[in-house]
Amino acid sequence: MSAPAPFATGITQFTASRFALVGYLPTYAALAYLGALLAARAPGGGIEVSLALSRLHRSSGAALAALALGALLVAVLLHPLQAPLVQLLEGYWPRPARPAARCAVKLQERARRRTARASRAVAARPTEAEEQRILAAAWQLARSYPPSPVPLLPTALGNTLRAGEATAGAAYGADAVVWWPRLYPLLGDRVRAVVDDRRDQLDLACRLSVTAAATGVLSVPLVLGGDGWWPASPAAFLLAAWVAYRAAVAAARGYAEALSAAFDLHRLDLVTALHLPPPADSDAERVLNRRLTRFWAQGVPLTALPYAHERAHEREHERGREPAAPPPPAPAVPGEDASS
């Protein structure tokens, strides 16, 4: 009787995993909907829900398992494309789409100028409502667009992520893009959980947006000739794709805030992990971090940089344990003067 417990635990762990949340569930939902449309196609070309339900009842467990396995296979094949998918929504488009990208960048520039004008006070003594409006516009400007001279991307998602990359760690002289692969392994459990959760929300929203748009396009030939609202159903999926994209932009703001918090709390942990002495003040920290950025990004050598090797018994003392006794001195070499 205890056999189902591990199985149920495994199912729960799988459904709570990043792969199931971001990759499998959206893919399974899309394939299930398209399969239901195929099953609902009547001989005359119409769509009958009762026909789909009847075929579902007649389906065997093997057919349903094959659908789940097919969705799993498609999700596995698409999983390596998650990062390029996000980059596509950011605005890193292929060469044939560059004319469209230039037009989209101009629209983003116009929107940034409009937001910048709204963030400036017009009257010498603005009212409380005007101050709130100015503060809201300044908040949106800082989190939705990268600071100059960082170039804009064609999409709102790309500019929001670029704004986060440009500001996280910038006050300390650290480049977030260069530092992040080295800083992430040193994050504490609670900070890492927040960062991972924000990243999962971003990836899920991006996957839902692309999946909904693809489902809407692929369902067009299946709903042609249908009665009632069926011919308009692809538009509902395109609307869902737009809503998911706006959710991705909001998730990108949350992810950017998590990046900034990670740099605020753990940037010096990376300096310690590199066995470098902690900087004496903020100016020295910015100088050191800029040198590390140039070293990692451009290969500029780190010359005349001292190391600070922490001793094992000092670490044990900081952790509340009694430091181990130092090892006995090595015996003198015969014939060697002890004072040498």
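Within 6.0 Å of CG in Asp189 there are 12 or fewer heavy atoms belonging to other residues, nucleotides or ligands. By the neighbour-count criterion of 12 heavy atoms within 6.0 Å, atom NE2 of His79 is sparsely surrounded, having that number or fewer from other residues, nucleotides or ligands.
The nearest pair of heavy atoms linking Thr155 to Gly91 is OG1-N, 3.8 Å. Of all heavy-atom pairs between Pro26 and Thr211, the closest is O-CG2, 3.6 Å. The two atoms that bring Ala256 and Gly164 nearest to each other are CB-CA, 3.6 Å, heavy atoms only. When all heavy atoms of Tyr28 and Ala68 are compared, the closest pair comes out as CE1-CA, 3.8 Å. Between Leu288 and Pro277, the closest heavy-atom pair is CD2-O, 4.4 Å. Taking each heavy atom of Arg192 and Pro185 in turn, the nearest pair found is NH2-O, 3.1 Å.
A single hydrophobic cluster is seen to contain both Phe295 and Phe263, as judged by linkage of ILVMFWY side chains at heavy-atom distances under 4.5 Å, directly or through other members. No continuous path of hydrophobic side-chain contacts links Leu73 to Leu69 [ILVMFWY only; heavy atoms under 4.5 Å]. Transitive grouping of hydrophobic side chains (ILVMFWY, heavy atoms separated by less than 4.5 Å) keeps Val217 and Leu78 in distinct clusters. Residues Leu141 and Leu152 are members of one and the same hydrophobic cluster, defined by side-chain heavy-atom contacts under 4.5 angstrom among Ile, Leu, Val, Met, Phe, Trp and Tyr. With hydrophobic clusters built from ILVMFWY side chains whose heavy atoms lie under 4.5 angstrom apart, Val223 shares a cluster with Leu218.
The closest donor-acceptor contact from the side chain of Asn289 to the backbone of Tyr172 lies under 3.5 Å. A donor-acceptor pair under 3.5 Å is absent between the side-chain atoms of Thr115 and the main chain of Ala137, judged by distance alone. For the pair Ser209 (side chain) and Cys206 (backbone), a donor-acceptor distance under 3.5 Å is absent. Of the possible donor and acceptor atoms, none in the side chain of Arg98 sits under 3.5 Å from a partner among the backbone N and O of Arg95. The backbone N or O of Ala118 lies less than 3.5 Å from a partner atom in the side chain of Arg133, making a donor-acceptor pair. Checked by atom type and distance alone, the side chain of Arg286 never pairs as donor or acceptor with a backbone atom of Ala174 at under 3.5 Å. Distance alone, capped at 3.5 Å, is enough to place a donor-acceptor pair between the Trp93 side chain and the Leu88 backbone. A distance-only check finds a donor-acceptor pair linking the side chain of Arg112 to the backbone of Pro146 [under 3.5 Å]. Of the possible polar contacts, one joining the Glu130 side chain to the Thr127 backbone as a donor-acceptor pair under 3.5 Å is found.
Taking the side chain as every heavy atom from C-beta outward, Asn159 and Gln108 approach each other to under 4.5 Å. In this structure the side chain of Leu153 never reaches within 4.5 angstrom of the side chain of Val105, judged on heavy atoms. Looking at Leu302 and Leu305, their side chains come closer than 4.5 Å, going by heavy atoms from C-beta outward. With a 4.5 Å cut-off on side-chain heavy atoms, Leu292 and Leu270 do not count as touching. Looking at His266 and Leu186, their side chains never come closer than 4.5 Å, going by heavy atoms from C-beta outward. For the pair Leu37/Ser219, a side-chain contact is recorded, criterion being any heavy-atom separation below 4.5 Å from C-beta on.
Remark: Glu165 CD to Leu259 CG distance equals 8.0 Å, nearest 0.5 Å. Note that the CG atom of Leu81 and the CZ atom of Arg207 stand 8.0 Å from one another [nearest 0.5 Å]. Atoms OG1 and CD, from Thr167 and Glu257 in turn, are 9.5 Å apart once rounded to the nearest 0.5 Å. One distance of note links CZ of Arg143 with OG1 of Thr160; it measures 11.5 Å at 0.5 Å rounding. Taking CZ of Arg267 as the start and CD of Glu285 as the end, the distance is 4.0 Å to the nearest 0.5 Å. For the atom pair CG (Leu161) and CD (Glu90), the distance works out to 4.5 Å, reported to the nearest 0.5 Å.
In this structure, Arg199 satisfies the cation-pi test against Tyr255, with its NZ or CZ atom closer than 6.0 Å to the six-membered ring centre and inside 45 degrees of the ring normal.
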Contacts under 3.5 angstrom, residues 176-183 side chains, donor-acceptor by atom type, not counting sequence neighbours:
unit_1 : atom_1 : unit_2 : atom_2 : d
Trp179 : NE1    : Thr293 : OG1    : 2.9
Arg182 : NH1    : Val178 : O      : 2.6

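Here the rule is side chain to side chain contact (heavy atoms under 4.5 Å, CB included) with Leu187, and of Asp269, Leu265, Val195 only Val195 fits it.
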**Study point:** Residues Gln82, Phe19; criterion side-chain contact (heavy atoms from CB on, under 4.5 Å); working and verdict
**Key:** CA-CA 11 Å; Gln82 178 63 31; Phe19 172 75; over 6 Å; no
Practice item. Evaluate the side-chain contact (heavy atoms from CB on, under 4.5 Å) criterion for residues Arg18 and Asp203: first the C-alpha distance (whole Å), next the side-chain angles of each, then the deciding distance (0.1 Å), finally the verdict. Key: CA-CA 9 Å; Arg18 169 182 166 82; Asp203 286 338; 2.4 Å; yes
Point to revise | side-chain contact (heavy atoms from CB on, under 4.5 Å) assessment of Tyr145 paired with Val150 | key: CA-CA 9 Å; Tyr145 304 99; Val150 180; over 6 Å; no
Review point. Can you check salt bridge (Lys or Arg N to Asp or Glu O under 4.0 Å) on Asp175 and Arg290, steps first, answer last?
Key: CA-CA 8 Å; Asp175 188 300; Arg290 291 191 184 102; over 6 Å; no
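Using modelled atom types and a 3.5 Å distance limit, the side chains of Asp196 and Tyr184 yield a donor-acceptor pair.
Among pairs with a residue in residues 222-254, those fulfilling ring pair (Phe, Tyr, Trp, His ring centres under 6.0 Å) read Tyr33-Phe237, at least two apart in sequence or across chains.
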